[in-house]
> 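Supplied in structure tokens, the structure appears directly below.
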There are 2 protein chains.
Amino acid sequence: MKSFLPSRFPLIQAPLAGAQDAAMTIAVCRAGGLGSLAAAMLSTDVLAEQIETIQAAVDAPFNLNFFAHTLPDVGAAEDQAWRELLQPFFDEFGIDAGSLPAGVLRRPFDESQLAVVEKYRPAVVSFHFGLPEKSLLDAVKASGAMVLSSATTLAEGLWLQENGADAVIAQGSEAGGHRGMFLAHQPAAQLGTFALLPQLVKALNIPVIAAGGIADTAGIQAALQLGAAAVQLGTAYLLCDESTIGALHRAAIEKVARHPEQCDTALTNVFSGKPARGLINRLMREVGLIHPQVMPFPFAATASGALRRAAEAQGSTDFTPLWCGQNPSGCKAVSAYDLTRELTAAFSRQD
Amino acid sequence: MKSFLPSRFPLIQAPLAGAQDAAMTIAVCRAGGLGSLAAAMLSTDVLAEQIETIQAAVDAPFNLNFFAHTLPDVGAAEDQAWRELLQPFFDEFGIDAGSLPAGVLRRPFDESQLAVVEKYRPAVVSFHFGLPEKSLLDAVKASGAMVLSSATTLAEGLWLQENGADAVIAQGSEAGGHRGMFLAHQPAAQLGTFALLPQLVKALNIPVIAAGGIADTAGIQAALQLGAAAVQLGTAYLLCDESTIGALHRAAIEKVARHPEQCDTALTNVFSGKPARGLINRLMREVGLIHPQVMPFPFAATASGALRRAAEAQGSTDFTPLWCGQNPSGCKAVSAYDLTRELTAAFSRQD
């Protein structure tokens, strides 16, 4: 099967902010997949350094992923409401809620990141949470990059096609991590891959990439059967040698990969302020999965991050965002190169 | 592809309580699918009459579907709390909440329904919400029926296999109508077909039937690719000539089938007390999709049904359960015979 993507195979390693660096991108690219680098949590300097590492290691196209949210105006009242919700936990750990370090905030795509794109010219640039404003997007396209973004509903897919995306990622509700929602606002109304993918394929004129619940070659072939032009897998890479998830997160994924009947995930906004899928843990249970008092994205992470660090220091995942999709059965403790080779056999079989 | 089901093709028309009668069962069976009859809302007499109609019309196997819930003990306090939640709506329609007619309650499978099974000996009996108690189940199996039930999680699938099901329906979260949940209790943690189906196939030794989001032959082939031994479609049949849904429900489905980007569904317990997927409407929005004060299944239907009748009399679907899956793109105003013939072409292509 010919790839409409610049990579040899139409398979994208999902950008995994906080769970990967250049090493994973390189391994996937070497195997003929489209490796991604998640840029949203990196400073411009670190981002440039990571790209240079990739370009020095492999002469293959790769994908740079950015967030395209807008930073909300939040005041002291919202901050106060959110901290009050967490006060019992702060008390438990003896944390002074008045003096939390800001931590690394997820940044929306801006001029400084555009400068990096223009300098290094990645073959593909993908966005999450919509697309950046027109002048920035036009400049990205002028750099020669193919532009992708995620749709979680048909309305979002139509909007992305209308507003300049070259292809759309159908992010089924099975997917782990942050939902790409930017027009949709109800987590409870998000669509499963089996419903979202074929309807986007039918409605759009541009290629549709399937994401969410795909764990192996059978999953890839099923996605192609439903009209996908490519697939994107994230959770499957979480146990790879190149994954940078912490030891506690890794242990949690190892457990549900072995015992999928214990894989209880849900969408929650309590960690970052935007809905994302992770293994259900104490913070999600005790605050509630989706709570209106959570600070808007990305600011909620300041307070939840402080609790996470305190709990992790005691070996607890009670406050850790354990991002994970609904189908961890494809997770393997092998190199991302080997996993990609194994997965891309799905395409050779179709030739 | 050979059917493990007694029908010619491994395709089940999902039982549609309140949306079908014998006419649909007959049409599907004539086309070589496994037609179902939803028995939960029928009196024993009407059920027997419907079965006789089927058996007089077609000499083919069919499926009788029952509910296997347990009737909860609810007192005046729960009833009061639920009515209070609805009081503003009762006021709006001038309904006396103290004197509501009980309406048709969904009945759990019992001795009187067993007697019907033993008399008419349907080839297949399926249950929703688990399985009936052992003595009843043993008697159903002794009648010669193949027994199916729905799993919404791996744990439910393993339980059903352990407790006597001959095959399990993997009910992905895309499916319309009531979730089969009987061990799972969090609607927000329900799995999409792409995640649930292959994991059940891997975990179980008995055949797995895919349901949820399947709308056409491509969807059927994708489900087979993921290891399904058969498929079950419900939403696709809602616009068929034989569908008995009301004119308002039909118009709502027609609209989203034409404009799938407007198909906003969610799981809600406000109509019956148990989570079910339907088009989002006023009662769901104003009470909240899942509310703890809703009377347990099936008793919530008494109060919500009174509001439904009052609103429908004014041409409004504000209080109507508009059951619908996440993929209405396969709905067609044709006979269930023609739709089944069209869908089962998916299997011939595999021969």
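Chain naming here is simple, since letters A, B, ... match the order of the sequence lines and numbering starts at 1 in each. Model, not experiment: these values are computed from the prediction. Basis for what follows: all heavy atoms, side chains included, without hydrogens, waters or symmetry-related copies.
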> Report, by ascending residue number, the residues of residues 180-192 of chain B in heavy-atom contact with chain A at a distance under 4.5 Å; give 'none' if the set is empty.
B/Gln186, B/Ala188, B/Ala189, B/Gln190, B/Leu191, B/Gly192
> Checking heavy atoms, do the side chain of A/Leu158, its backbone, both or neither come under 4.5 Å from chain B?
side chain
> Look up atom CG in A/Asp216 and atom CG in B/Leu226, then write down how far apart they are to the nearest 0.5 Å.
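The CG atom of A/Asp216 sits 8.0 Å away from the CG atom of B/Leu226.
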> Check whether A/Ala223 gets within reach of chain B through its side chain, its backbone, both or neither, counting any heavy atom under 4.5 Å.
both
> Do A/Pro328 and B/Gln199 have side-chain heavy atoms sitting under 4.5 Å apart?
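A side-chain contact under 4.5 Å exists here.
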> To the closest 0.5 Å, what do you measure between CD (A/Gln262) and OG1 (B/Thr153)?
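It comes to 12.0 Å.
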> Is the CZ atom of B/Arg341 crowded by more than 12 outside heavy atoms at less than 6.0 Å?
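Open: at most 12 neighbouring heavy atoms sit under 6.0 Å from CZ of B/Arg341.
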> Could you tell me if A/Gln221 and B/Gln225 have a donor-acceptor pair between their side chains, going purely by distance under 3.5 Å?
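Distance-only check passes for B/Gln225 and A/Gln221.
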> Among A/Gly213, A/Gly212, A/Gly227, A/Cys263, which residue has the highest count of heavy-atom pairs closer than 4.5 Å to chain B?
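Highest number of pairs under 4.5 Å: A/Gly213.
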> Among A/Ser329, A/Gly325, A/Ala195, single out the residue with the greatest number of heavy-atom pairs under 4.5 Å to chain B.
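Among A/Ser329, A/Gly325, A/Ala195, the one with the most close pairs to chain B is A/Ala195.
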> Is it the side chain or the backbone of A/Ile280 that comes within 4.5 Å of chain B heavy atoms, both, or neither?
side chain
> With rounding to the nearest 0.5 Å, note down the distance linking CZ in B/Phe194 to CD1 in A/Ile214.
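B/Phe194 atom CZ to A/Ile214 atom CD1 measures 5.0 Å (nearest 0.5 Å).
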> Which answer fits A/Pro198, side chain, backbone, both or neither, if we ask what part of it has an atom under 4.5 Å from a heavy atom of chain B?
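Side chain only.
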> Quick one: of A/Ala155, A/Pro260, A/Ala266, who has the most non-hydrogen atom pairs under 4.5 Å with chain B?
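Of A/Ala155, A/Pro260, A/Ala266, A/Pro260 has the most heavy-atom pairs under 4.5 Å with chain B.
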> Could you tell me which of A/Glu261, A/Glu156, A/Gln326 has the largest number of non-hydrogen atom pairs under 4.5 Å with chain B?
A/Gln326
